[in-house]
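The structure displayed is predicted, hence computed values, not measured ones. Lettering follows sequence order; numbering is per chain, from 1.
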2 protein chains.
Amino acid sequence: MKFIHKGGTAFIKEKNKRNILHCIKGDGPLSRTEIAERLQLSKPTVSAIVEELLNEKWIKESGIGVSKSLGGRKPIQLVFNCRAAYVIGVDIGGTKVRIGISDLDGNLLDVDEFSTQNHIHSSFLHAIKERVEMLLEKQGMMNGEILGMGIGAPGMTDVDRGIVIDAPSLGWSNYPLKKEAEALFPWPVLVDNDVNVAAIGEQWLGAAKGLSNVVLIAIGTGVGCGIIINGQLYRGATWAAGEIGYMVTDAAKAKGANLSTPHEGYGFLERFTGGPGIVQSMQHELKGRPADHSFPRDFTARDVFQKARQGDPDALQVINEVIDHIGFAVANVISIINPEIVLLGGGISKSADWFMPRIQNIIQDFASVSAPVKTTAFGEDLGVVGAVSLVLRETESVLKEM
Amino acid sequence: MKFIHKGGTAFIKEKNKRNILHCIKGDGPLSRTEIAERLQLSKPTVSAIVEELLNEKWIKESGIGVSKSLGGRKPIQLVFNCRAAYVIGVDIGGTKVRIGISDLDGNLLDVDEFSTQNHIHSSFLHAIKERVEMLLEKQGMMNGEILGMGIGAPGMTDVDRGIVIDAPSLGWSNYPLKKEAEALFPWPVLVDNDVNVAAIGEQWLGAAKGLSNVVLIAIGTGVGCGIIINGQLYRGATWAAGEIGYMVTDAAKAKGANLSTPHEGYGFLERFTGGPGIVQSMQHELKGRPADHSFPRDFTARDVFQKARQGDPDALQVINEVIDHIGFAVANVISIINPEIVLLGGGISKSADWFMPRIQNIIQDFASVSAPVKTTAFGEDLGVVGAVSLVLRETESVLKEM
DNA sequence: AGAAAGTTAGGAACCTTTACTAACCAACCC
DNA sequence: GGGTTGGTTAGTAAAGGTTCCTAACTTTCT
């Protein structure tokens, strides 16, 4: 049974109010009459609610519009006041933490960042608090103007309870991030997986803007995937949806591999496509080579990529195999989810132009239906924007549609 | 923007009415006071709506309950009237069509079936009409008592427009099933993919009863999968979600295979796990055998299964490979969807007890999280029950929760 | 004058609170 | 033991306050 809205008629007003605000927010400047038509409400009802929204500063009158050709009074245009409140987005990554402050339209007003390694565990949130206070001061904002804070964490997250169940790169296990953060900040805090956060960010303002069924695949140290279904983030029964890193795209290889020892905690796909996996495959490939090769002693996945692009046959073979596995994984996800779009993000996406055709060929040949595959529109701010949108969409405020 | 409910306060009554009905329907005999407490409504409001529901025969007073230990008036128990209306479910399969008539609790009152092959195209619906009229007469029901008809069709289906986009086994392509059916019957008709229909059937009354995140994998001629997410059927952006038959679980094999010629229209997985695929693999395996083997000349997948169970090493190898591919496919789906349960259905599920452990091992070893794998609870009536539940859940009637 | 935007006034529908009756249990007293 | 009394629970009735809508109005513009 869903949440029961006590208080009878107050509910319907709340609903209308939200819908009106949503309407103005979404479809630009509108007059009271236009809203009444769109929402099938009477003009007096709209006027009364608009009055309230104006008083609460959620909307503004933005001058007079143009009248219809036949004459008549000109409409008073209403616009969403994106400076009615602000939202803080925090993107906790394996290497750095980015903190941004945004208005309600998702415009980042300022961003700051610091290295993850310098602050462990409890000092972590204090470091964030410091930066946030600096940002607020710089913008001349009061605490009361902050609607909330969204945090994207690199690991499996229980969104309801705000607990990061497992974040290997931070050493977090069942860390009550929401609770700890809300003890430090005077506003509500929402927490989610970084990939999920990225997905709603892209769906809000990025490459998947306005689409209802979106898959975002982030390829970095691991491989994760955020799934938006029917316009809503789908997190799975136990917050583990989208663990595409475990997808097996080669049964023979999977059965042959010794699972327990080398890559504990990582899935099949991640071993081949993650940074460490690429390096390892390359090292394996290099064994049969003369010692005077052009690879640095401690090379990274990026080096392998570069070599492959330059035409090094061994590197190319390694990378091609990686691309193929990713391609099959993407094709498999498309066959299951049938999304409107697939977004590729993470470190690997920088080389997208180069390997995209190969992936698209695999999709063409093996997926049940096709789907456009693109790279994420946001760069390093994606996590922050996503965290902001987490607050704006998941919070039970006037801003949410009903 | 969602559907706008015009008419202000009438909406809230509708909502309350539905919630009260849903409450009684779901949680057995309940008194007015209990409903008021559960739904946070006042007693008079509940009384008024209950009055209406009684008049409309949706509910009945079922005698007096027991009073609390402390004394006081005994409550009047209210129960859902599952005979307030009836629903017709039609399961169109490749070989036969099953038609059932059900009450609102999903009890099948009667079922009839006929062979698919005998009736093609336009005569198809007339054959259904005949059977339906017979069933109604037998039950002594009037047309007005039928709430609607649900149809499960074996192919990709546009549910909104009621068009079967592609059903190879029937030779249907963009067949406007809903429109044609509604021209013949005086009640609303809903159409969906047979696997989707099966999924909501199992979620309604079967092995996944009450669960919100369910995956049903049907293995028969092809391999399909119905996905329920957040309690709702997920059909994909272009009605193609769950095409698990296209999942690639062996990249090497996939790349080696010549895709265009042998199995046009079937996916990678289906070639190995579908009936024809099994036969073909077995034939390949048998080539190296002496001619006087125990296989019939034209054996089926079922024969291969049987042989394997009896210990025939070649058959066992073929079947084990099939099971493995299914296992990896299931594991992959679990890693992506993270469902509460995975249901296996279709012809293959009869041998479930035998191969289930093998699948569970693969999930254990390769999926990111575990999920219970069970077989469907319904047998041959699953499609009919699912079609009934399609009407009950997707139709905009008093019966739907709000 | 005609047309369109927005406001005011009156009325209907809905829910809630408060107060009531009906029905029932339990204990108590003669 | 049987009737009476007090407390408890179920359900109903009346009053009050939302909300919305329709219809008529004013204002502003061509």
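- Listed nucleotides dT16(C), dG6(C), dT30(D) differ in distance to Lys74(A); the shortest reach to its side chain belongs to dT30(D).
- OP1 or OP2 of dG11(D) sits under 4.0 Å from a side-chain N or O of Thr33(B).
- Glu37(B) places its CD atom 10 Å from the P atom of dT9(D), with the value rounded to the nearest Å.
- Ile101(B) pairs with exactly one of Val132(B), Ile146(B), Val87(B) by the side-chain contact (heavy atoms from CB on, under 4.5 Å) rule, that one being Ile146(B).
- The interatomic distance linking Ile64(A) (CD1) with dT27(D) (P) rounds to 16 Å, in whole Å.
- To the nearest angstrom, P of dT16(C) lies 13 Å from CZ of Phe11(A).
- Under a 4.0 Å N-O distance rule, the pair Glu51(A)/Arg32(A) does not qualify as a salt bridge.
- One interatomic measurement links the two molecules: CZ of Arg38(A) to P of dA5(C), which rounds to 13 Å at whole-angstrom precision.
- Considering NE2 of His22(A) and CD of Glu401(A), their distance stands at 4.0 Å, rounded to 0.5 Å.
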Contact string for nucleotides 7-14 of chain C, one letter per nucleotide 5' to 3', B = base within protein heavy-atom range under 4.0 Å, S = sugar-phosphate only, - = neither, reads BB-----B

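- The distance from atom NZ of Lys17(A) to atom C1' of dC20(D) is 16 Å, rounded to the nearest whole Å.
- Here dT19(D) presents its C1' atom at 12 Å from CD of Glu52(A), a figure rounded to the nearest Å.
- Relative to the ring axis of Phe11(B), Lys15(A) places its NZ or CZ within 45° and under 6.0 Å from the centre.
- Spacing between atom CG of Leu54(B) and atom P of dG11(D) amounts to 11 Å, rounded to whole angstrom units.
- Summarising the geometry, the separation between CD on Glu61(B) and C1' on dA10(D) is reported as 12 Å, rounded to the nearest angstrom.
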Could you walk me through whether Asn338(B) and Thr238(A) pass side chain to side chain donor-acceptor pair (under 3.5 Å), step by step?
CA-CA 7 Å; Asn338(B) 180 27; Thr238(A) 61; 3.1 Å; yes

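- Trp239(B) is not listed as a side-chain neighbour of Thr157(B), based on a closest heavy-atom distance of 4.5 Å or more.
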